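Being a predicted model, the structure only gives us computed values, none of them experimental.
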Amino acid sequence: MKRFLSLAMVLVFIFNAGCSVSLIYSPTHKPVPEYLIIEDNDYIMEKHVVCYPEGATIQTADYIFTYSLPHFKDDVYLSGTLNNLMIAYRDELLNIVLLERLALADKVEGAETPYTTITTSVSSACGLINIHVDDNYGFSSERIHKSSCLVIENGKRVGLASISGSYDAHFRAAQQIINFIGVSNPDYFSGLTVADVYDSIDPINGFFVTDTGYTILIPADTIADVGKGELEFQIMRESLYPDPVGSMVSVAQYETVLPAVNMLVTAAASAFSSFGFGIPAAYTATAFIAQLIIENKHDLINGRIFIDSDQFLKLYSSYFDSKFPGIDVTAHDIKVDETGYSLAPVSTYYKCYFVLSDASVNGNLIELIGEIMTGNPDEETPERICGATVVVRLDRSTETGFRFVGITLT
């Protein structure tokens, strides 16, 4: 877990329309690229009303579904993808209304028409987009409110595990909350366990990202009396990191190297190739650089990413001391000509994740010991590929702040 300041777990409890846990924190992450910051003028909020049965009006409807979703403007990064996500989410909402709520909604003469009203707002933090969702629905005399959030990274909906890089993020979040609640806290149900809190957390839609971590949304009447309404717990980003972070290796060091380490283990595991002295095999180097380029913002020309030779080689030298070993076309569809390199814009690798179990620091060398896992942390049961030891050298002369020394697969 990221634990420089969090070792003491300094908590500030605030009651205000529910509760929040705030952890004192000093951000260590790098500035977010401007194109990943979403402002209010980057989208238009579009409101729609659907009346049931089909052909009904608001006056004659047996059920009214109203929803407002953002439509992102063309100059927003990945706007087409974001808008397609909103269309897909709209379809999810329509299915919920059709399959779950209409059956419970019998219109009573003189009473309010049964309804679902979805309102949304948009925020961004740490390069991710939050689509905050307020779901209000009612039938008969019952009125219900639910809060949720769609978290989007690089045009994809993501959950707590994949964002934090921790397969056990769900459990760690529950543990943080139960640690705060403590024993015999009269503000919560008696006898609460980690399992109770775990069951109350939706690790996909039940949180949003902040500049310092995550806000966990807990539904009403799950861990506290219904009268307290929905609860919010603010958890520091580092609190979901593996235990060696903050004790064996610093938060800043871990955050700096982890994204590249995940790309390296993906590349190395694809061919089960170890290396040392900063000299990767051509396959590993090609696969690594291809992932790196694909995951950054690039315009497509005729369906391919183009990067000139100087940029390509500079990118490689930012991570390795050695001369680029050349392209291995079995690792990725990359073509080279006198103008530079062109790449297919889609990665063909089954993405792997490095799960840290131990670490050591010796001067400017950091040794990270762990396992390479595959399987989307948000969706799939993880599968162990192999063990791995990754060595990096901190180096202020490079833009990345470090270079890879080697990786040993076991």
Undergrad: Measure the shortest side-chain to side-chain distance between I181 and L192 over non-hydrogen atoms and say whether it is less than 4.5 angstrom.
TA: yes

Undergrad: Return yes if some donor-acceptor pair links the side-chain N/O of D42 with the main-chain N/O of E39 below 3.5 Å, else return no.
TA: yes

Undergrad: Do T210 and Q234 come close enough that some side-chain heavy atom pair is under 4.5 Å?
TA: no

Undergrad: Heavy atoms, side chains only, cut-off 4.5 Å: are L315 and L292 in contact?
TA: yes

Undergrad: Angle class for the F324/Y341 ring planes (parallel below 30°, perpendicular above 60°, tilted otherwise)?
TA: perpendicular

Undergrad: Looking at every heavy atom in both E295 and N154, which two are closest together, and how far apart are they?
TA: O-ND2, 4.4 Å

Undergrad: Taking the side chain as every heavy atom from C-beta outward, state whether I44 and K73 have any atom pair closer than 4.5 Å.
TA: yes

Undergrad: Determine the sole option in N262, L264, V265 for which the side chain to side chain contact (heavy atoms under 4.5 Å, CB included) test with C352 is passed.
TA: V265

Undergrad: Considering all heavy atoms of both residues, which atom of A260 and which atom of F288 are nearest to each other, and what is their separation?
TA: O-CE1, 3.5 Å

Undergrad: Are there more than 12 heavy atoms of other residues, nucleotides or ligands under 6.0 Å from atom CD of E46?
TA: yes

Undergrad: Can you check whether A344's main-chain N or O pairs, donor with acceptor, with H332's side chain at less than 3.5 Å?
TA: yes

Undergrad: Is the backbone N or O of P280 less than 3.5 Å from a side-chain atom of T284, with the two atoms forming a donor-acceptor pair by type?
TA: no

Undergrad: Report yes or no: does S247 contribute a side-chain atom to a donor-acceptor pair with the main-chain N or O of D243 at less than 3.5 Å?
TA: yes

Undergrad: Taking the side chain from S166 and the backbone from A161, do they hold a donor-acceptor pair closer than 3.5 Å?
TA: no

Undergrad: Kindly state whether the ring of F320 and the ring of Y316 have centres lying under 6.0 angstrom apart.
TA: yes

Undergrad: Are side-chain heavy atoms of V133 and L150 found at a separation under 4.5 Å?
TA: yes

Undergrad: How far does CG of D187 sit from NZ of K228, to the nearest 0.5 angstrom?
TA: 4.5 Å

Undergrad: If you take the centroid of each ring, where Trp contributes its six-membered ring, are Y115 and F65 closer together than 6.0 Å?
TA: no

Undergrad: Where is the tightest heavy-atom contact between P114 and A105, given as atom of each residue plus distance?
TA: CB-CB, 3.4 Å

Undergrad: Passes side chain to side chain contact (heavy atoms under 4.5 Å, CB included), R143 versus E112? Steps please.
TA: CA-CA 11 Å; R143 300 290 179 266; E112 184 179 18; 2.6 Å; yes

Undergrad: Would you find a donor on one side and an acceptor on the other, under 3.5 Å apart, between the side chain of D333 and the backbone of V329?
TA: no

Undergrad: Between T374 and K351 (side chain of the first, backbone of the second, donor and acceptor by atom type, cut-off under 3.5 Å), is there such a pair?
TA: yes

Undergrad: Please check if any side-chain donor atom of T116 sits under 3.5 Å from a side-chain acceptor atom of Y63, or the reverse.
TA: yes

Undergrad: Looking just at side-chain N and O atoms, do D196 and T193 make a donor-acceptor pair shorter than 3.5 Å?
TA: yes

Undergrad: How long is the straight-line distance from OG of S148 back to CD1 of I131, given to the nearest 0.5 Å?
TA: 11.0 Å

Undergrad: Is the distance from the ring center of H71 to that of Y43 below 6.0 Å?
TA: no

Undergrad: Check for a donor-acceptor pair, side chain of E142 on one end and backbone N or O of F139 on the other, with a separation under 3.5 Å.
TA: no

Undergrad: Within this structure, what is the CD-CG distance for the pair Q291 and L343, rounded to the nearest 0.5 Å?
TA: 11.5 Å

Undergrad: Using a strict cut-off of less than 4.0 Å between a Lys/Arg side-chain nitrogen and an Asp/Glu carboxylate oxygen, indicate whether R237 and D211 qualify as a salt bridge.
TA: no

Undergrad: Which atom names give the shortest non-hydrogen contact between P325 and A282, and what distance separates them?
TA: CG-CA, 3.8 Å

Undergrad: Taking all non-hydrogen atoms of both residues, which atom of S200 and which atom of I223 are closest, and how far apart?
TA: OG-CG2, 3.8 Å

Undergrad: Is it true that the side chains of S79 and D74 contain a donor and an acceptor less than 3.5 Å apart?
TA: no

Undergrad: Tell me, do L409 and I407 make a side-chain contact under 4.5 Å, heavy atoms counted?
TA: yes

Undergrad: Would the distance check show the side chain of R304 and the main-chain N or O of P345 forming a donor-acceptor pair, the cut-off being under 3.5 Å?
TA: no

Undergrad: Return the CD1 to OG1 distance between I327 and T286, rounded to the nearest 0.5 Å.
TA: 4.5 Å

Undergrad: Just checking D337: does its CG atom have more than 12 heavy atoms from other residues, nucleotides or ligands closer to it than 6.0 angstrom?
TA: yes

Undergrad: Is the closest side-chain donor-acceptor distance between S123 and H132 under 3.5 Å?
TA: yes

Undergrad: Using side chain to side chain contact (heavy atoms under 4.5 Å, CB included), reason through D134 and T120 one step at a time and then give a plain yes or no.
TA: CA-CA 6 Å; D134 281 315; T120 58; over 6 Å; no

Undergrad: Quick one: do D395 and R393 make a salt bridge, cutoff under 4.0 Å?
TA: yes

Undergrad: Does a side-chain heavy-atom distance below 4.5 Å link V261 with L356?
TA: no

Undergrad: Which atom names give the shortest non-hydrogen contact between G340 and S309, and what distance separates them?
TA: CA-OG, 3.4 Å

Undergrad: For the residue pair F404 and Y319, does the interplanar ring angle fall in the parallel (under 30°), tilted (30 to 60°) or perpendicular (over 60°) class?
TA: parallel

Undergrad: With a 4.0 Å cut-off, would you call E230 and K146 a salt bridge?
TA: no

Undergrad: Checking S317 side chain against L313 main chain: does a donor-acceptor pair fall under 3.5 Å?
TA: yes

Undergrad: Test V50 against Y52 for side chain to side chain contact (heavy atoms under 4.5 Å, CB included), laying out the working first.
TA: CA-CA 7 Å; V50 182; Y52 299 92; 3.7 Å; yes

Undergrad: Could you measure the distance from the CG atom of D135 to the OH atom of Y67? Nearest 0.5 Å is fine.
TA: 14.5 Å

Undergrad: Run the side chain to side chain contact (heavy atoms under 4.5 Å, CB included) test on I372 and Y353 for me, step by step, so that the C-alpha distance in whole Å, both residues' side-chain angles and the decisive distance to 0.1 Å come before the verdict.
TA: CA-CA 6 Å; I372 300 177; Y353 299 85; over 6 Å; no

Undergrad: Hey, is K156 close enough to D378 for a salt bridge, meaning N to O under 4.0 Å?
TA: no

Undergrad: Side-chain contact, heavy-atom cut-off 4.5 Å: I294 with V346?
TA: no

Undergrad: Could you give the distance from CD1 (I201) to CZ (F171), rounded to the nearest 0.5 Å?
TA: 10.5 Å

